[in-house]
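To start, the structure itself, in structure tokens.
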There are 2 protein chains.
Amino acid sequence: MNDMSSEQGSPASILLIDDHPLLRKGVKQLIELDTDLEVVAEASNANDGVAAALEHEPDLILLDLNMPEINGIETLKMLREEGVDSRVVVFTVSDNEEDVVAALKAGADGYLLKDMEPEELLNNLNQAALGKMVISDRLTTLLAQALQSKRTAKGPDISSLTPRERQIIKLIAAGLPNKLIARKLSITEGTVKVHVKHLLKKLNLRSRVEVAVWAVQEGIK
Amino acid sequence: MNDMSSEQGSPASILLIDDHPLLRKGVKQLIELDTDLEVVAEASNANDGVAAALEHEPDLILLDLNMPEINGIETLKMLREEGVDSRVVVFTVSDNEEDVVAALKAGADGYLLKDMEPEELLNNLNQAALGKMVISDRLTTLLAQALQSKRTAKGPDISSLTPRERQIIKLIAAGLPNKLIARKLSITEGTVKVHVKHLLKKLNLRSRVEVAVWAVQEGIK
DNA sequence: TAAGAGGTACCACCAAAGGGGTAATTCCAG
DNA sequence: CTGGAATTACCCCTTTGGTGGTACCTCTTA
């Protein structure tokens with residue numbers, strides 16, 4: 001990949017995908033102030049955007065989240081499925097936690113808010129073109145909360161479990177069958193079954209698979 | 001909880017837990033410049049820290065990560081287990097991703113780096129005392145990466161699977177037994193078993209539990 | 001047309017998981 | 001000291017899961 005796009009080399013090519021023509025115009029004019037950046041294509045919807053990405057192979061794609069029919073997250077997934085390896089920066093008004101998390105999990109290389117200062121946007125786009133992940137500062141707290149919220153407010157309650165039961169949950173979540181758990185803990189398989197039986201009751205789950213899924217999601221390890 | 005600690009009310013009480021006496025002295029002197037903040041106790045290790053927290057019930061605990069014997073994360077867990085509901089802000093030199101993520105998952109209300117400007121620290125501590133989560137700006141990118149890293153570079157390969165098999169994996173990862181999967185897909189349980197048999201071979205896994213764990217970690221949904 | 005992949009369905013067999021019960025030990029708290 | 005929780009172990013039993021095999025149908029591709 002060509003990451004010599006700043007300095008003296010050719011400017012970084014950018015594809016704008018946004019259903020709002022006025023905003024595209026504004027962003028384009030702004031970007032043209034910077035000789036290191038160049039808008040090579042625009043699109044107003046997901047399908048055109050994917051096509052344009054495949055045609056121009058831009059260094060950077062600036063992607064709006066809020067679009068009719070196919071939203072930005074879906075568009076991002078489509079791009080990745082089509083093999084587009086451009087850096088994709090989400091550019092949107094939404095500071096909604098779900099959007100941010102979904103975008104990042106879908107493989108976004110950045111998430112910028114539309115209310116940022118123009119100079120700051122240029123700054124961030126240049127950084128992004130160089131391969132840096134760019135995130136609006138305002139989202140820091142939100143990201144931190146997203147990380148820890150995975151641990152809070154879930155279904156079953158771990159507090160009612162005995163130490164032995166928690167230990168066995170970890171081994172179940174590691175994919176071990178009862179026989180191996182027994183060997184590892186130097187107890188009989190029958191005893192392991194007893195513990196499993198008890199923890200299933202306490203957690204109100206129906207099988208060790210549900211236990212494993214729950215434990216993994218809960219980050220129990 | 002009393003979150004009237006700024007303005008005219010009594011200053012926010014702070015407990016320092018750090019094994020470095022000089023640093024405690026420095027931070028304390030800094031904090032005393034701010035009439036809204038007050039250091040009410042100090043501790044140089046985890047046990048003393050927990051004891052001090054229980055005794056003084058401070059509004060805010062400033063916690064170092066790098067301590068001998070019992071580290072900051074463990075200390076944080078101990079505090080929570082003892083029922084301490086003070087806001088806990090981690091204050092450390094480590095900008096290591098694992099530390100940040102571990103601290104947040106353990107329930108930290110903030111994560112500040114020791115190299116920050118003194119005024120900035122006071123600023124952040126005041127925010128923290130008011131209930132806001134405070135994170136050093138420098139960690140934004142790191143947090144974003146932590147969120148998406150869950151999705152990259154793992155063992156088995158999903159690409160060899162047929163659409164039907166992927167569909168069944170999702171249902172396994174939802175904790176469903178074969179019988180329910182069959183009902184949901186309107187096929188027989190025997191057929192589901194065939195698919196499960198095939199995908200286990202392809203993924204080189206030994207049981208549906210391993211499939212479920214893998215799928216959840218991989219974010220397949 | 002033939003070959004292969006994918007999906008469906010059935011069979012039999014054995015291993016694993018889960019539910020019920022009883023019971024011994026230890027250790028802690030009322 | 002007595003009762004309960006926790007851990008261990010055993011029993012029997014049913015359900016679920018996983019493996020091997022054969023078979024038929026549809027589509028796509030060589």
Side-chain angles (χ1 to χ4, degrees), chain A residues 81-83 155-218 220, chain B residues 50 54 77-78 81-83 155-218 220:
Chain A
E81 275 170 19
E82 292 295 329
D157 184 15
I158 197 177
S159 65
S160 60
L161 298 172
T162 68
R164 200 51 150 179
E165 286 163 352
R166 297 175 204 213
Q167 195 174 13
I168 286 179
I169 284 184
K170 292 176 198 171
L171 297 173
I172 289 177
L176 299 192
N178 291 335
K179 192 171 294 185
L180 287 188
I181 294 177
R183 208 168 294 162
K184 185 154 254 173
L185 300 181
S186 302
I187 56 180
T188 67
E189 184 184 348
T191 301
V192 175
K193 284 188 174 186
V194 172
H195 289 307
V196 172
K197 179 173 25 175
H198 290 160
L199 66 86
L200 283 174
K201 265 244 175 302
K202 287 183 183 177
L203 297 176
N204 194 30
L205 297 176
R206 272 144 245 87
S207 73
R208 67 197 296 105
V209 181
E210 290 190 358
V211 172
V213 170
W214 171 76
V216 171
Q217 287 175 339
E218 213 66 5
I220 296 173
Chain B
V50 173
L54 290 172
K77 289 179 184 169
M78 286 168 63
E81 275 170 19
E82 292 294 328
D157 184 15
I158 197 175
S159 65
S160 60
L161 298 172
T162 68
R164 201 51 153 178
E165 286 163 354
R166 297 177 204 212
Q167 196 174 13
I168 285 178
I169 284 184
K170 291 177 200 170
L171 297 174
I172 289 177
L176 300 192
N178 291 336
K179 190 171 296 184
L180 287 188
I181 294 176
R183 206 168 295 163
K184 185 154 254 173
L185 299 181
S186 300
I187 55 180
T188 67
E189 183 183 350
T191 302
V192 175
K193 283 188 173 185
V194 173
H195 290 307
V196 172
K197 177 169 37 173
H198 290 160
L199 67 86
L200 283 175
K201 268 242 174 302
K202 287 184 184 177
L203 297 176
N204 195 29
L205 296 176
R206 273 142 244 87
S207 72
R208 68 199 293 105
V209 181
E210 290 190 358
V211 172
V213 171
W214 171 76
V216 171
Q217 288 175 340
E218 214 66 5
I220 295 173

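Values below: all heavy atoms of this structure, side chains included; hydrogens, waters and symmetry mates excluded. Protein chains get the first letters and strands the later ones, always in sequence-line order, with residue 1 at the start of each.
- When the nearest nucleotides of DNA chain C are assigned to B:S186 and A:K201 by heavy-atom distance, the more 5′-ward of the two goes with B:S186.
- In the interface, the side chain of A:K193 is not paired with the base of C:dG19 through any donor and acceptor atom under 3.5 Å apart.
- For the pair B:K197 and A:T188, both in contact range of DNA chain D, the more 5′-proximal nearest nucleotide belongs to A:T188.
- Following rounding to the nearest Å, B:I168 (CD1) and C:dG7 (C1') show an atom-to-atom distance of 10 Å.
- If you check every strand for non-hydrogen atoms under 4.0 Å, A:V196 touches sugar and phosphate atoms only.
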For the pair A:R164 and A:T191, evaluate side chain to side chain contact (heavy atoms under 4.5 Å, CB included) and give the outcome as yes or no after the intermediate values. CA-CA 11 Å; A:R164 200 51 150 179; A:T191 301; over 6 Å; no

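- Atom CG in A:L176 sits roughly 14 Å away from atom C1' in C:dA16 (whole-Å rounding).
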Side chain to side chain contact (heavy atoms under 4.5 Å, CB included), that's the test. Do B:K201 and B:H198 meet it? Break it down for me. CA-CA 5 Å; B:K201 268 242 174 302; B:H198 290 160; 5.8 Å; no

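- Taking atom NE2 of B:H195 as the reference point, atom C1' of C:dC10 lies 14 Å away to the nearest angstrom.
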Using side chain to side chain contact (heavy atoms under 4.5 Å, CB included), reason through B:L203 and B:I169 one step at a time and then give a plain yes or no. CA-CA 11 Å; B:L203 297 176; B:I169 284 184; 3.7 Å; yes

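- What separates CD of A:E189 from C1' of C:dA16 is a distance of 7 Å, to the nearest Å.
- Contact check for B:L185 versus B:I168: side-chain heavy atoms found under the 4.5 Å cut-off.
- Rounded to whole Å, the distance from CG on A:L205 to C1' on C:dG18 is 14 Å.
- To the nearest angstrom, P of C:dG7 lies 11 Å from CG of B:L185.
- Rounded to whole Å, the distance from CG on B:L200 to C1' on C:dA15 is 14 Å.
- Think of the region where chain A sits on DNA chain D: with heavy atoms and a 4.0 Å cut, that region ends 5' and 3' at D:dA6 to D:dC10.
- Note that CD1 of A:I172 is 4.5 Å distant from CZ of A:R208, once rounded to the nearest 0.5 Å.
- One finds no side-chain N or O of B:R164 lying less than 4.0 angstrom from the OP1 or OP2 phosphate oxygen of C:dA5.
- The side chain of A:N178 contributes no N or O atom lying less than 4.0 Å from OP1 or OP2 of C:dA16.
- Straight-line distance from the CD1 atom of A:I172 to the P atom of C:dA16: 15 Å, rounded to whole Å.
- Among the atoms of the strands shown, base atoms are found under 4.0 Å from some heavy atom of A:T191.
- Position along DNA chain D of the nearest nucleotide to B:V194 versus B:S207 favours B:S207 as the more 5'-ward residue.
- Here C:dA17 is the nucleotide among C:dA17, C:dG7, C:dG19 with the atom lying nearest to any side-chain atom of A:P177.
- With values rounded to the nearest 0.5 angstrom, A:L161 atom CG is found 12.5 Å from A:Q167 atom CD.
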Verdict with supporting geometry, B:K202 and B:T162, side chain to side chain contact (heavy atoms under 4.5 Å, CB included): CA-CA 10 Å; B:K202 287 184 184 177; B:T162 68; 3.6 Å; yes

